[in-house]
Visitor: 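Have a look at this one.
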Amino acid sequence: MTAPKLELRTACKRFGSNVIVHRLNLSVAVGETLCLIGESGCGKSVSMKLAAALLPPTSGGVLWDGDPVHALPPEEFRRRRMKFGYLFQGAALFDSMTVFENVAFGPRQLHAAEGRMLEELVAARIREVGLPEHVTHRKPAGLSGGQRKRVGLARALALDPDVMLYDEPTTGLDPVMSDVINELILRVAASRDGDARPDRPPVTSIVVTHDMHTVRRVADRVVMLRPAPALGPLDSQVLFDGTVEDLFASDDPAVGPFVRGEAGAKLAELAA
Ligand SMILES: Nc1ncnc2c1ncn2[C@@H]1O[C@H](COP(=O)(O)OP(=O)(O)OP(=O)(O)O)[C@@H](O)[C@H]1O
């Protein structure tokens, strides 16, 4: 059996005395798109960053393709890390650079492409995310939120990632642009379906989101977390782990009302 692409084993993360992630077991299969949901501040982004080794766990393990990340030789760690693409909140573009320079940044840093080849690579990525060619020479500050997100995605795709991590990809976008982003997430996830080359495994994705349209549209599997401070020592932080259909049909009082956006229990809790 193939090892999960990404795995957390009883991972804990504390910032000072604040426990954010508590003995979390989480795995994402090769080619799977996992949506991470849960109330604000419950540790979704931190969990995703642990899985990507952008943050070290306080205790517990992080594995990539079954290999403990902390035991990888530095060169091998860097090689595997290069195959991660990120689309984080605000798209995190370099505002002093043009769109071209933003998308070309990764390949240039790694000397993966230059000259005509780099121009073609950037043009292909810009086309892939549905942006017109003329934005290529503009600065990100002059673009709309949806365009900036798509530039961020083009930049993330420039190094042909095996793993894509999305943090609130549709936040702040109108419903139509949100759907464009959802569609692009789906396309990226399916981009290597049927590709039999062993050096190009299917794309594995984690999407941290509050947007239930995104969940319905892109998730193969959904994990809902709850805040660590409310947990007893042996409680699981995972409230739900399953399919989109089961998520929306859930009669768990902590799950169903959350995903259906029903305020009743929360209002009662706030009034208590
Ligand atoms: N580098 C850090 N240093 C200190 N505290 C941090 C750090 N990163 C995250 N936190 C804290 O960890 C908690 C969980 O953050 P996280 O971003 O994972 O939540 P989330 O579930 O993604 O929330 P939201 O849905 O609101 O984005 C927050 O209280 C946050 O302030």
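We count ligands from 1, going down the list as the structure has it; atoms in each ligand are counted the same way.
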Visitor: Starting from L225, can I reach L247 by hopping between I/L/V/M/F/W/Y residues whose side chains sit under 4.5 Å apart?
Guide: no

Visitor: Just wondering, more than 12 heavy atoms not from R226 lying within 6.0 Å of its CZ?
Guide: yes

Visitor: I need the nearest protein heavy-atom contact for atom 21 (O) of ligand 1: residue, atom name and distance, please.
Guide: K44 NZ, 2.8 Å

Visitor: Tell me whether I20 has any N or O atom under 3.5 angstrom from an N or O of ligand 1.
Guide: no

Visitor: Could you check whether any heavy atom of G38 sits closer than 4.0 Å to an atom of ligand 1, since that is the contact criterion I want to use?
Guide: no

Visitor: Starting from atom 1 (N) of ligand 1, what is the nearest protein heavy atom, named by residue and atom, and what distance separates them?
Guide: F15 CE2, 3.6 Å

Visitor: With heavy-atom distances below 4.0 Å as the criterion, list the atoms of ligand 1 near C42.
Guide: 21 (O)

Visitor: Does ligand 1 have any atom that is closer than 4.0 Å to a heavy atom of M48?
Guide: no

Visitor: Checking contacts now, so for atom 30 (C) of ligand 1, which I'm interested in, is there any protein heavy atom under 4.0 Å?
Guide: no

Visitor: Return the closest protein heavy atom for atom 18 (O) of ligand 1 as residue, atom name and distance.
Guide: V46 N, 2.9 Å

Visitor: Is it the case that R216 places NZ or CZ above or below the six-membered ring of F248, under 6.0 angstrom from the centre and within 45 degrees of the axis?
Guide: yes

Visitor: For atom 17 (O) of ligand 1, state which one of A228, G41, G43, S45 supplies the nearest heavy atom.
Guide: S45

Visitor: Knowing that exactly one of L36, T204, D220, V223 qualifies, which makes a side-chain contact (heavy atoms from CB on, under 4.5 Å) with V28?
Guide: T204

Visitor: Return yes when atom CZ of R9 has more than 12 non-hydrogen atoms of other residues, nucleotides or ligands closer than 6.0 Å, and no otherwise.
Guide: no

Visitor: With sequence neighbours left out, what residues match E133 under side-chain hydrogen bond (donor to acceptor under 3.5 Å, both in side chains)?
Guide: none

Visitor: Would you indicate whether M97, at its atom CE, is surrounded by more than 12 heavy atoms from other residues, nucleotides or ligands within a distance under 6.0 Å?
Guide: yes

